[in-house]
2 protein chains.
Amino acid sequence: MSTKVKKRTLINDIASHLEVSIATVSLVLNGKAKQSRISDAVAERVLKYVEEVGYKPNHLAKSLRTGKTHVIGLVVEDIANPFFATVAALIERQAFERGYRIIYCSTNNEPARARELIGMFQERHVDGFIIVPSEGIEKEVSDILREQTPTVLFDRYLPALPTNYVVVDGAQGTADATRHLLAQGYTNVAFVTTDSTQTQMEARLQGYTQVLEAQGLPQQVKRVTISKDTEPVIADIQLFLASNPEIEAVIFSTNYLCIYGLEAIARLQLAIPAKLAVVSYDDHDLFRLYTPAITVIAQPVESIAKNVIDILLHELQHPTDPAVDSTQGVVLPPALIIRKSSIRQ
Amino acid sequence: MSTKVKKRTLINDIASHLEVSIATVSLVLNGKAKQSRISDAVAERVLKYVEEVGYKPNHLAKSLRTGKTHVIGLVVEDIANPFFATVAALIERQAFERGYRIIYCSTNNEPARARELIGMFQERHVDGFIIVPSEGIEKEVSDILREQTPTVLFDRYLPALPTNYVVVDGAQGTADATRHLLAQGYTNVAFVTTDSTQTQMEARLQGYTQVLEAQGLPQQVKRVTISKDTEPVIADIQLFLASNPEIEAVIFSTNYLCIYGLEAIARLQLAIPAKLAVVSYDDHDLFRLYTPAITVIAQPVESIAKNVIDILLHELQHPTDPAVDSTQGVVLPPALIIRKSSIRQ
DNA sequence: ATGAAAGCGCTAACAT
DNA sequence: ATGTTAGCGCTTTCAT
């Protein structure tokens with residue numbers, strides 16, 4: 001005598017209880033009653049009983065059969081970064097409402113990990129991908145494209161590949177910030193960025209370069225190497241600022257660089273904005289609440305999420321002919337939010 | 001002539017190419033070659049060819065057959081909260097290394113959403129659950145337990161239910177912080193918390209109450225109602241502080257309450273710590289970098305993650321007799337990190 | 001030591 | 001209008 005655990009209700013149980021075939025049940029459940037000319041009476045009985053016993057179809061079996069999992073794989077750089085966390089949350093909510101689930105993972109910008117995660121998502125048979133691409137994963141992404149899995153990149157894109165993408169106009173954001181600083185009377189503006197050559201980083205740098213070149217003003221670009229260990233990053237920024245005392249204002253190309261930068265500035269005891277004006281990319285609790293509050297180039301997170309999910313769901317629901325390139329590239333405008341850290345006193 | 005997309009390699013293809021049965025291939029792939037007395041020669045040929053063609057078994061089929069998905073469902077309060085984000089990242093990494101995948105979702109502390117998510121994870125046949133329980137989800141959790149799905153709660157637990165859990169000693173954390181403030185000479189210490197009756201919140205409050213009672217000092221407890229809209233929360237804290245000018249120090253029971261609190265304090269232009277000393281739960285970039293830096297009761301995130309995943313994987317790999325209660329409750333110590341915001345000047 | 005075959009639960013083409 | 005049945009790709013028992 002074995003202690004049997006209560007068994008789940010199966011489609012079979014429904015069918016035999018109702019004395020109809022399992023096909024009828026399946027058809028009704030999948031909203032194909034009408035087109036299969038199943039009588040309303042039967043359809044109703046099925047629906048009622050299904051509700052009554054709380055029958056839930058086995059997704060594994062369903063997916064195995066249909067080849068669709070209704071799961072989207074989301075590969076971001078770092079889910080603990082508020083920018084990505086916010087976009088992910090917005091995407092998740094919208095996808096959920098439209099019947100899709102999101103599974104997400106962070107690459108920490110390590111190509112090896114990105115490859116691993118994409119592979120894992122493929123093994124899990126995701127229906128589509130949303131990817132914040134690290135450098136050097138062109139091959140994996142093009143493999144996905146070849147298999148015709150709908151995919152949207154965001155935050156940056158891979159110029160070599162014809163993909164859908166949603167990005168923010170980084171050149172415009174930085175240019176706006178740079179002009180704002182010049183208008184405040186700062187003439188010696190520095191730009192602190194990473195050593196990455198990803199599209200969004202290059203664009204942000206370009207906005208800075210172009211404005212200063214046009215004005216014939218000196219440029220000071222510092223490229224920082226990001227490591228898991230935060231201390232060297234802070235020390236690097238600190239050294240840069242200490243060795244270039246002529247700098248009056250600095251723009252940080254990402255939220256985490258600015259966080260490190262604020263630490264460096266605090267150690268150097270430079271008053272913001274009296275000794276050094278500060279502008280950062282991305283809004284953040286810290287920047288709003290810092291004393292003084294930090295001026296930021298904010299990215300339109302709601303709009304990013306909406307565009308990403310709209311494009312992806314459209315492709316998922318209207319498969320396109322791979323022969324024609326129906327790829328979409330969306331570029332959204334950033335917004336400069338001016339706070340005390342960049343106002344000349 | 002249809003344009004056939006390149007077909008995935010199946011276990012069948014492997015078997016027929018190698019002219020062995022698919023059972024042999026399956027057995028070898030699952031490390032059961034030895035116990036099925038398959039010749040080393042054959043096993044080696046299989047492994048070599050599998051490697052060569054990059055065969056990846058279909059997880060859906062595998063799961064349908066075995067009933068195991070090797071996926072763990074992680075239900076947290078808010079994945080954008082750095083505390084949960086950090087614990088989630090640590091759990092994910094450890095689980096990954098041991099062959100398990102994590103899918104996670106935020107409840108925003110809404111019981112309805114928690115129920116929905118747990119249901120969704122069950123539909124996806126997760127092998128186990130890690131849950132930060134909202135109030136009022138005792139029924140769903142006890143359903144999970146009845147189905148004998150291994151489960152671990154963390155951050156708080158459900159006293160009515162015999163579950164595994166990993167929590168931090170909130171009473172001790174708050175008591176340490178309160179004693180520290182008293183030692184600094186502050187006698188009028190307030191405690192700002194939420195209106196939640198979750199175990200961790202009650203414990204944190206208790207630590208405060210007990211210390212002040214023991215000293216015969218006055219207590220000032222403010223319970224704030226959290227809403228999606230941040231403005232009323234800030235206003236509420238601001239009003240509380242403004243109406244009780246005798247308060248010399250305040251302890252916030254969560255990181256987000258303190259963030260709202262800092263905003264309120266800034267609006268009231270109260271100097272920290274000259275006019276008001278501040279201590280918060282959880283460490284955070286903002287607290288480290290704020291001027292002055294904020295004293296915090298830090299939770300041992302690595303240890304929380306390690307305990308959670310160890311307990312869960314143990315249960316997953318060594319199913320226990322449901323008749324005996326082998327449930328584990330782990331209580332970890334917090335650490336008081338003293339910074340300038342609580343040092344009397 | 002290896003192979004044949006029965007399912008896991010569901011969908012959908014085909015029969016009736 | 002409804003029922004029968006062949007798989008989806010894999011694991012595992014049982015037979016050889």
Side-chain angles (χ1 to χ4, degrees), chain A residues 4-47 49-50 53-71 122-125 127, chain B residues 4-47 49-50 53-71 122-125 127:
Chain A
K4 269 270 176 269
V5 182
K6 157 187 100 181
K7 274 183 78 169
R8 250 176 175 279
T9 309
L10 305 180
I11 195 167
N12 234 326
D13 305 335
I14 308 277
S16 54
H17 176 95
L18 258 30
E19 293 181 313
V20 298
S21 84
I22 61 171
T24 305
V25 179
S26 173
L27 259 7
V28 170
L29 253 29
N30 289 300
K32 294 181 182 162
K34 273 272 149 0
Q35 77 187 60
S36 308
R37 289 166 302 183
I38 286 172
S39 71
D40 289 359
V42 171
E44 220 165 289
R45 276 176 61 217
V46 170
L47 258 11
Y49 186 66
V50 160
V53 298
Y55 165 73
K56 297 263 180 260
N58 182 327
H59 275 256
L60 290 168
K62 196 167 187 162
S63 297
L64 178 59
R65 185 59 236 250
T66 61
K68 298 276 158 254
T69 54
H70 282 248
V71 173
Q122 282 177 316
E123 282 183 27
R124 297 282 165 190
H125 297 256
D127 287 352
Chain B
K4 269 270 177 271
V5 183
K6 156 188 104 182
K7 274 184 76 171
R8 251 175 173 281
T9 309
L10 304 180
I11 195 168
N12 232 327
D13 305 335
I14 308 276
S16 52
H17 176 95
L18 258 31
E19 293 180 311
V20 299
S21 86
I22 61 171
T24 306
V25 179
S26 173
L27 259 7
V28 170
L29 253 29
N30 290 300
K32 293 181 181 159
K34 273 270 146 8
Q35 78 188 56
S36 309
R37 289 166 301 179
I38 286 171
S39 71
D40 289 358
V42 171
E44 221 165 287
R45 276 176 61 216
V46 170
L47 258 12
Y49 186 67
V50 160
V53 297
Y55 165 73
K56 298 264 180 258
N58 181 326
H59 275 256
L60 289 168
K62 197 167 187 163
S63 296
L64 178 59
R65 184 61 235 254
T66 60
K68 298 275 159 256
T69 55
H70 282 248
V71 172
Q122 282 176 315
E123 281 183 27
R124 297 282 165 190
H125 297 257
D127 286 353

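Protein chains get the first letters and strands the later ones, always in sequence-line order, with residue 1 at the start of each.
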Quiz item: Taking CG from Leu60(B) and C1' from dG9(C), how many angstroms apart are they, rounded to a whole number?
Solution: 13 Å

Quiz prompt | Asn30(B) CG to dC10(D) C1', straight-line distance once rounded to whole Å | solution = 9 Å

Quiz item: Side-chain N or O of Lys62(A) less than 4.0 angstrom from OP1 or OP2 on dG9(C)?
Solution: no

Self-check item: Rounded distance in Å - NE2 (His59(A)) to P (dC10(C))
Solution: 10 Å

Quiz item: Separation of Asn12(A) atom CG from dG7(C) atom P, in whole Å?
Solution: 13 Å

Practice problem: Determine yes or no for a side-chain-to-main-chain donor-acceptor pair under 3.5 angstrom, with Thr69(A) supplying the side chain and His125(A) the backbone. | Solution: yes

Quiz item: How is Leu27(B) classified with respect to the nucleic acid when contacts are heavy atoms under 4.0 Å: base, sugar-phosphate, or nothing?
Solution: base

Quiz item: What nucleotide among dC10(D), dG9(D), dG3(D) has an atom nearest to a side-chain atom of Leu64(A)?
Solution: dG9(D)

Practice problem: Mind calculating the distance between CD (Glu44(A)) and P (dT2(D)) to the nearest angstrom? | Solution: 13 Å

Quiz item: To the nearest angstrom, how far is Asn58(B) atom CG from dC10(C) atom P?
Solution: 17 Å

Quiz item: How many angstroms lie between atom CG of Leu64(B) and atom CG of Asn58(B), to the nearest 0.5 angstrom?
Solution: 9.5 Å

Quiz item: Among dC10(D), dA13(C), dG3(C), which is the nearest nucleotide to the side chain of Ala23(A)?
Solution: dA13(C)

Quiz item: Given dC10(D), is OP1 or OP2 found less than 4.0 Å from the side-chain N or O atoms of Tyr55(B)?
Solution: yes

Quiz item: Are OP1 or OP2 of dT2(C) and a side-chain N or O of Ser39(B) less than 4.0 angstrom apart?
Solution: yes

Quiz item: When we call it a touch if two heavy atoms are under 4.0 Å apart, what does Glu19(A) touch: a base, just sugar-phosphate, or nothing?
Solution: sugar-phosphate

Practice problem: Please state whether the phosphate of dT11(D), meaning OP1 or OP2, lies under 4.0 angstrom from any side-chain nitrogen or oxygen of Ser26(B). | Solution: yes

Self-check item: Partner of Ile22(A) under side-chain contact (heavy atoms from CB on, under 4.5 Å), chosen from Asp13(A), Asn12(A), Ile14(A)
Solution: Asn12(A)

Self-check item: Whole angstrom value for the distance that separates C1' of dC10(C) from CZ of Arg65(B)
Solution: 16 Å

Practice problem: Using modelled atom types only, decide if a donor and an acceptor are shared between the side chain of Ser21(A) and the backbone of Ala23(A) within a distance under 3.5 Å. | Solution: yes

Quiz item: Distance check: side-chain N/O of Thr66(A) vs OP1/OP2 of dC8(D), anything under 4.0 Å?
Solution: no

Self-check item: Asn30(A) side-chain N/O to Lys32(A) backbone N/O, donor-acceptor pair under 3.5 Å
Solution: no

Exercise. Starting at atom CG of Leu10(A), determine the distance to atom C1' of dG7(C), rounded to an integer number of angstrom.
Key: 13 Å

Quiz item: Reckon Ser63(A) touches a base, only the sugar-phosphate, or nothing at all at heavy-atom distances under 4.0 Å?
Solution: nothing

Quiz item: Side-chain N or O of Arg37(B) less than 4.0 angstrom from OP1 or OP2 on dA1(C)?
Solution: yes

